[in-house]
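For reference, the structure is listed below as structure tokens.
What you are looking at is a predicted structure, and each value in this text was computed from that prediction instead of being measured.
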There are 2 protein chains.
Amino acid sequence: MGRPRAFDADAALEKAMVIFWEQGYEGASLTDLTEAMGISRKSMYAAFGNKEQLFRKALQRYTEGPGAYVSQALQAPTAREVATMFLAGSIRANTLPGWPTGCLGVQGALAVGKTGRIAHDTLTEWRAHGQAHLRERFQRAVEESDLPADADPDLIARFIMTIANGMAVQAAGGAEREDLRRVADTALRCWPPA
Amino acid sequence: MGRPRAFDADAALEKAMVIFWEQGYEGASLTDLTEAMGISRKSMYAAFGNKEQLFRKALQRYTEGPGAYVSQALQAPTAREVATMFLAGSIRANTLPGWPTGCLGVQGALAVGKTGRIAHDTLTEWRAHGQAHLRERFQRAVEESDLPADADPDLIARFIMTIANGMAVQAAGGAEREDLRRVADTALRCWPPA
DNA sequence: GCAGTTCAGCACCGATCGGTGCACAAGCAG
DNA sequence: CTGCTTGTGCACCGATCGGTGCTGAACTGC
């Protein structure tokens, strides 16, 4: 009994997920969230508890929606297909047209709100500069025949930088130095990588 | 002429760098920063301008300090040594004892302040769960002889997850789907990776 | 000594944060 | 219709944000 709710809680949760995805937890203010969800603060609290619980539910929805590739990949018949499907699904989820770029699981504490946009852009540029330096160096290596003539300096630089970026996320999650060292060794087992 | 400043601006900048490194730009409040620097807000503004400029100077100091491995690696004689030194330096900088873990260039917009700690931990756990599922699946592959008996499921899972994490950072920086696809192909060119 | 200049500390600014009390409207059971 | 419950919107809470005006002390050149 009582008055039924006048909005679609599931649709509202999806809107909230998008805001968290593109702005991160701290960067997403209650005003941002409720405006996107099209409901009042009070309705949000009544329906979802508080901001933290809303975030958890948004993450769960992400896992079942854009992040469903994880469980799908795990069902592949061979280990190689698991890895291939996992990475392919990750790529797809990271670059869905009409959706925020990147992964909510990383982005959620990587993206920033309005006040942090400056720092976000500064760091994106900083990483791009580092990658550009690598690319130029590998370009030189091609010219010096240190790398094969058909090697792709841009790809190699991006590959190495991707490993480094990934290791930074791993380290933020508590990975030990020896863990990372073995990852790097694995990445360099085949050289040149392309 | 005039009264000289009573604190070491360079030491203060280093303290600020550490706070940004472990708490991110938005997560580092002026109170956090000035307390760590041991100076008043007014002194900070007089010496560094504002929070944004302080962040830029802290990033520059990071580049010249813990991040100096980048320019060092670029001077290596061969491309392979460049890649090896770059990754090794990245690992070292990500896991310096007595310093924050991870990379300021990623962390600066990844880590969060007090209010975001909950989300940060939630996401760290979320990523760890995904990696654990991968590990269990690769463990099964070893038991099924789909992977060699000496394959290391933990390492393979961490390697794949590191690529995925790195691609998420790349995507947040604007990488296209095709760019990421080639990175993933590169990572899977040698299989099994260990 | 003096005058000039700059530093440091405190209180305070408006804005925004996450979260809530209250009045009222909307729908239920009888 | 009358009670009763519950969703909704508005105004507002204390806390904190980045940033500043003011006061006085500390140091310089003369």
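What separates CD1 of A:Ile19 from P of C:dG18 is a distance of 13 Å, to the nearest Å. Put simply, CG on B:Leu54 is 15 Å from P on D:dC17, counting in whole angstrom units. Atoms CD (A:Glu35) and C1' (D:dG9) sit 14 Å apart, rounded to a whole Å. One atom, CG of A:Leu30, and another, P of D:dC10, lie 16 Å apart when rounded to the nearest Å. What separates CE of A:Met37 from C1' of D:dG9 is a distance of 16 Å, to the nearest Å. The distance from atom CZ of B:Phe48 to atom P of C:dA8 is 11 Å, rounded to the nearest whole Å. Counting to the nearest Å, the P atom of C:dG18 and the CZ atom of A:Phe55 are 13 Å from each other. Atom CD1 in A:Ile39 sits about 19 Å away from atom P in C:dA26, given to the nearest Å.
A:Thr63 and B:Trp126 share a side-chain donor-acceptor pair at under 3.5 Å.
Under the 4.5 Å side-chain criterion, counting only non-hydrogen atoms from C-beta, B:Glu176 is in contact with B:Asp179. Looking only at side-chain heavy atoms (C-beta outward), A:Gln107 and A:Tyr25 stay at 4.5 Å or farther from each other. Side chains of B:Ile156 and B:Leu147 form a contact here, defined as non-hydrogen atoms less than 4.5 Å apart.
At the heavy-atom level, A:Ala6 lies under 4.0 Å from the strands shown only through sugar-phosphate atoms.
Nearest to the side chain of B:Tyr45, among D:dG19, C:dT20, C:dC17, sits D:dG19. Side-chain atoms of A:Thr31 lie closest to C:dC17 of the nucleotides C:dC17, C:dA8, D:dG19.
Taking only side-chain nitrogens and oxygens, A:Lys42 never comes nearer than 4.0 Å to OP1 or OP2 of D:dT8. For the pair A:Ser29 and C:dC17, the criterion of a side-chain N or O lying under 4.0 Å from OP1 or OP2 is met. Here B:Ser43 reaches the OP1 or OP2 of C:dA8: one of its side-chain N or O atoms lies under 4.0 Å away.
Between the side chain of A:Arg137 and the backbone N or O of B:Ala76, at least one donor-acceptor pair lies under 3.5 Å.
Residue-to-nucleotide contacts include no donor-acceptor pair under 3.5 Å from the side chain of A:Arg5 to the base of D:dG7. The base of D:dG18 lies close enough to the side chain of B:Arg41 for a donor and an acceptor atom to sit less than 3.5 Å apart.
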